Novice: 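This is the structure, below, for whatever I ask next.
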Number of protein chains: 2
Amino acid sequence: MSGNRALQKEKTRRTIIDAAFRLLSQERSYSSLSLREVAREAGIAPTSFYRHFEDMDELGLTLVDEGGVALRQLMRKARQRIRDKGLVISTSVETFMEFIHNSPHVFRLLLRERSGTSLAFRKAVSRELQYFVVELADYIQHTRNYPAGAAKLQADAMVILVFNAGAEALDSSLTERKLLTEKAITQLRFVAKGANEIFK
Amino acid sequence: MSGNRALQKEKTRRTIIDAAFRLLSQERSYSSLSLREVAREAGIAPTSFYRHFEDMDELGLTLVDEGGVALRQLMRKARQRIRDKGLVISTSVETFMEFIHNSPHVFRLLLRERSGTSLAFRKAVSRELQYFVVELADYIQHTRNYPAGAAKLQADAMVILVFNAGAEALDSSLTERKLLTEKAITQLRFVAKGANEIFK
DNA sequence: GCCTATTGCGTACAAGTGTACGCTGAGTAT
DNA sequence: ATACTCAGCGTACACTTGTACGCAATAGGC
């Protein structure tokens, strides 16, 4: 069969990635994971790990990338919903909150590595966030006719506020999350309105 | 002499705390520090550590507390400056950026532990940030006659934005920091203006 | 059908970890 | 002067860690 070998390899690779994600939680950060621990959880020998990743760092970057993919999918979903029923701000925030609820470990990884010890990780996360900022800035610039700089500033503030609300929502119950969503929406309205006043 | 003994103990305690701060950096987070490492840096035997702290956790919380004290001093300084020359927003942001420049390790500790693995740490940092939010909300509420809720929301957004700008400033040069300061100031103005429009 | 490449395993080792335990010497109270 | 307290040390132990190395089995190319 064509690449039965490669196919099995890919499968094991996934097993490792999934194991790592499974180990991430409120009380376990990526940097606190050991290679042996991941191998154990994945059900392979420690030394087999090296057949798939050079390093724990390489695995980590892969996880961040996967997180990025999930985020971009989210973005697409949000655009879709906005097209369907308008309400840019509240739809965006709600979609984001949904994502955090569904994949808390992915979000937590991004959140932590954004201020982590590895420059490569920080850059990777920052790059993912920039996708949001740029896309949002574009949207603002074209629908509202803003100067590019002001649109970027506004988009940047919005992404930070939403991301932060997400961080708080991680630890909280459903009703608290609802409140945090409202809070973020209002704060984004402040920003939108204020930018509008100043750059009109 | 009265408490020569206790005095020496306090001195060693400080040595440990300082050693821990010294070990924190871009590439070393608190959770990656080992007890033995801190002891080594402090120039004491590993087991002597226990004469002063139960745990690395206990030391960590002490560091966070010290960070909090530094932050509150900063807040006082900012109030002072505002009394002297007005310009609430820009003065606040600039004072904050100064702090980050002068004690990057303190700020980095707070930044990281805010999303860290220990609930106690997260709560400790969050509590420190709340001081800012409450104080700022109070100020807004009384000088602008806002409803309490709106003032809190606004203050919250502002603190997040400034804190975030600080995080970005950690990695960057002096000229970049200047730009980030400008950015944060503009973003705070968005929030202030927007809140004003909406809650007028 | 044979040869080679490659995935996965087990063993092994040096290094680092947290912490229990008992000793010493000096400060302190009596 | 004597007895007590306690900060600091050294030793010791049981673990965990990353990774080097060689072997077994199996897939794929010839």
Side-chain angles (χ1 to χ4, degrees), chain A residues 1-25 27-63 112-113 116-121, chain B residues 1-25 27-63 112-113 116-121:
Chain A
M1 282 293 121
S2 74
N4 188 350
R5 183 78 154 243
L7 202 130
Q8 178 54 38
K9 179 163 189 185
E10 188 52 34
K11 212 169 141 190
T12 310
R13 189 185 144 94
R14 262 253 71 84
T15 307
I16 296 177
I17 293 175
D18 291 345
F21 267 127
R22 228 174 304 128
L23 288 174
L24 292 178
S25 68
E27 42 278 310
R28 300 293 264 113
S29 71
Y30 182 76
S31 57
S32 81
L33 260 48
S34 75
L35 185 152
R36 288 178 104 105
E37 217 172 345
V38 173
R40 217 176 299 135
E41 173 78 19
I44 61 168
T47 46
S48 299
F49 181 95
Y50 295 108
R51 302 287 183 200
H52 303 272
F53 301 95
E54 174 91 12
D55 234 17
M56 278 294 284
D57 274 15
E58 196 178 311
L59 170 59
L61 287 175
T62 306
L63 296 192
R112 288 202 175 126
E113 297 311 328
T117 50
S118 153
L119 180 60
F121 278 43
Chain B
M1 282 292 121
S2 76
N4 188 348
R5 182 77 153 247
L7 202 132
Q8 177 56 38
K9 180 163 186 182
E10 188 52 35
K11 211 169 140 191
T12 309
R13 189 185 144 94
R14 261 254 70 83
T15 308
I16 297 176
I17 294 175
D18 291 344
F21 267 128
R22 228 173 305 127
L23 287 174
L24 293 178
S25 68
E27 43 278 310
R28 300 292 265 114
S29 71
Y30 182 76
S31 57
S32 80
L33 258 49
S34 76
L35 184 152
R36 289 178 104 104
E37 217 173 344
V38 173
R40 216 176 299 134
E41 174 76 20
I44 62 168
T47 47
S48 299
F49 181 94
Y50 294 109
R51 303 286 183 201
H52 302 273
F53 300 95
E54 175 90 14
D55 235 18
M56 278 294 283
D57 274 15
E58 197 179 309
L59 170 59
L61 287 175
T62 306
L63 296 192
R112 287 200 176 128
E113 297 311 327
T117 50
S118 153
L119 180 61
F121 279 43

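Small disclaimer: the values here were computed from a predicted structure and weren't measured. Order of the sequence lines fixes the chain letters, A, B, ..., with proteins taken first and strands second; residue numbering starts at 1 for each chain.
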Novice: Could you tell me which residues satisfy side chain to side chain donor-acceptor pair (under 3.5 Å) with A:Thr47, sequence neighbours excluded, listed by chain and number?
Specialist: none
Novice: Should A:Leu35 and A:Phe53 count as side-chain neighbours, where that means a heavy-atom distance under 4.5 Å?
Specialist: no
Novice: Quick one: side-chain contact (heavy atoms from CB on, under 4.5 Å) partners of B:Glu10, sequence neighbours excluded?
Specialist: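 side-chain contact (heavy atoms from CB on, under 4.5 Å) check on B:Glu10 returns B:Arg13.
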Novice: Tell me the interatomic distance from A:Leu7, atom CG, to C:dT7, atom C1', rounded to whole angstroms.
Specialist: 14 Å
Novice: Does B:Thr12 make a side-chain N or O approach to OP1 or OP2 of D:dG8 shorter than 4.0 Å?
Specialist: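 Yes, such a contact exists.
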Novice: Checking only heavy atoms, does the side chain of A:Thr47 share a donor-acceptor pair with the base of C:dG10 at less than 3.5 Å?
Specialist: yes
Novice: Separation of B:Met56 atom CE from C:dT19 atom P, in whole Å?
Specialist: 10 Å
Novice: Looking at C:dG8, C:dT19, D:dT19, which one has an atom nearest to any side-chain atom of B:Pro46?
Specialist: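 For B:Pro46, the side-chain atoms sit closest to C:dT19.
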Novice: Mind checking salt bridge (Lys or Arg N to Asp or Glu O under 4.0 Å) for A:Arg14 and listing every partner two or more places apart, or none if nothing turns up?
Specialist: A:Asp18, A:Glu66
Novice: Quick one: side chain to side chain donor-acceptor pair (under 3.5 Å) partners of A:Thr117, sequence neighbours excluded?
Specialist: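 A:Thr117: no side chain to side chain donor-acceptor pair (under 3.5 Å) contacts found.
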Novice: Nearest whole angstrom, please: distance from the P of C:dG10 to the CZ of A:Phe49.
Specialist: 18 Å
Novice: Return the value, rounded to whole Å, for the distance between atom CZ of B:Phe53 and atom C1' of D:dA7.
Specialist: 14 Å
Novice: Contacts to DNA chain C from residues 13-22 of chain A, heavy-atom cutoff under 4.0 Å, which residues?
Specialist: none
Novice: Quick one: salt bridge (Lys or Arg N to Asp or Glu O under 4.0 Å) pairs with a partner in residues 37-61 of chain A, sequence neighbours left out?
Specialist: A:Arg22-A:Glu41, A:Arg28-A:Glu37
Novice: Starting at atom CD of A:Glu10, determine the distance to atom C1' of C:dT7, rounded to an integer number of angstrom.
Specialist: 14 Å
Novice: Separation of A:Glu54 atom CD from D:dG18 atom C1', in whole Å?
Specialist: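 One finds 13 Å between C1' of D:dG18 and CD of A:Glu54, rounded.
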Novice: Could you work out which one of D:dA7, C:dC9, D:dG18 sits closest to the side chain of A:Ser48?
Specialist: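 For A:Ser48, the side-chain atoms sit closest to C:dC9.
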Novice: Using a 4.5 Å cut-off on heavy atoms from C-beta on, say whether the side chain of A:Leu63 contacts that of A:Glu113.
Specialist: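 Heavy-atom side-chain distance check fails, nothing below 4.5 Å.
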Novice: Taking side-chain contact (heavy atoms from CB on, under 4.5 Å) as the test, write out the residues that go with B:Leu61, two or more places apart.
Specialist: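 Expected list: B:Ala120, B:Phe121, B:Ala124.
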Novice: Near DNA chain C, which residues from residues 28-45 of chain A have a heavy atom under 4.0 Å away?
Specialist: A:Arg36, A:Ile44, A:Ala45
Novice: Atom CD of A:Gln8 and atom C1' of C:dT6: how far apart are they, to the nearest Å?
Specialist: 12 Å
Novice: State which residues pass side-chain contact (heavy atoms from CB on, under 4.5 Å) with B:Ser31; sequence neighbours excluded, sorted by chain then number.
Specialist: B:Ser29
Novice: Please enumerate all residues that pass side chain to side chain donor-acceptor pair (under 3.5 Å) together with A:Ser25, with sequence neighbours excluded.
Specialist: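 Side chain to side chain donor-acceptor pair (under 3.5 Å) list for A:Ser25, sorted by chain: A:Glu27.
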Novice: Can you tell me the distance, in whole Å, between the CG atom of B:Asp55 and the P atom of C:dT17?
Specialist: 16 Å
Novice: Can you list the residues that meet the side-chain contact (heavy atoms from CB on, under 4.5 Å) rule with B:Ala39, with sequence neighbours excluded?
Specialist: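 Residues passing side-chain contact (heavy atoms from CB on, under 4.5 Å) with B:Ala39: B:Ile44.
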Novice: At a cut-off of 3.5 Å, list every protein nitrogen or oxygen paired with a nitrogen or oxygen from nucleotides 2-6 of chain D, distance to 0.1 Å.
Specialist:
unit_1, atom_1, unit_2, atom_2, d
D:dT5, O2, B:Arg5, NH2, 2.9
D:dC6, O4', B:Arg5, NH2, 2.6
D:dC6, O2, B:Arg5, NH2, 2.8

Novice: At their closest point, which heavy atom of A:Thr15 faces which heavy atom of A:Ala42, and how far apart are they?
Specialist: CG2-O, 3.4 Å
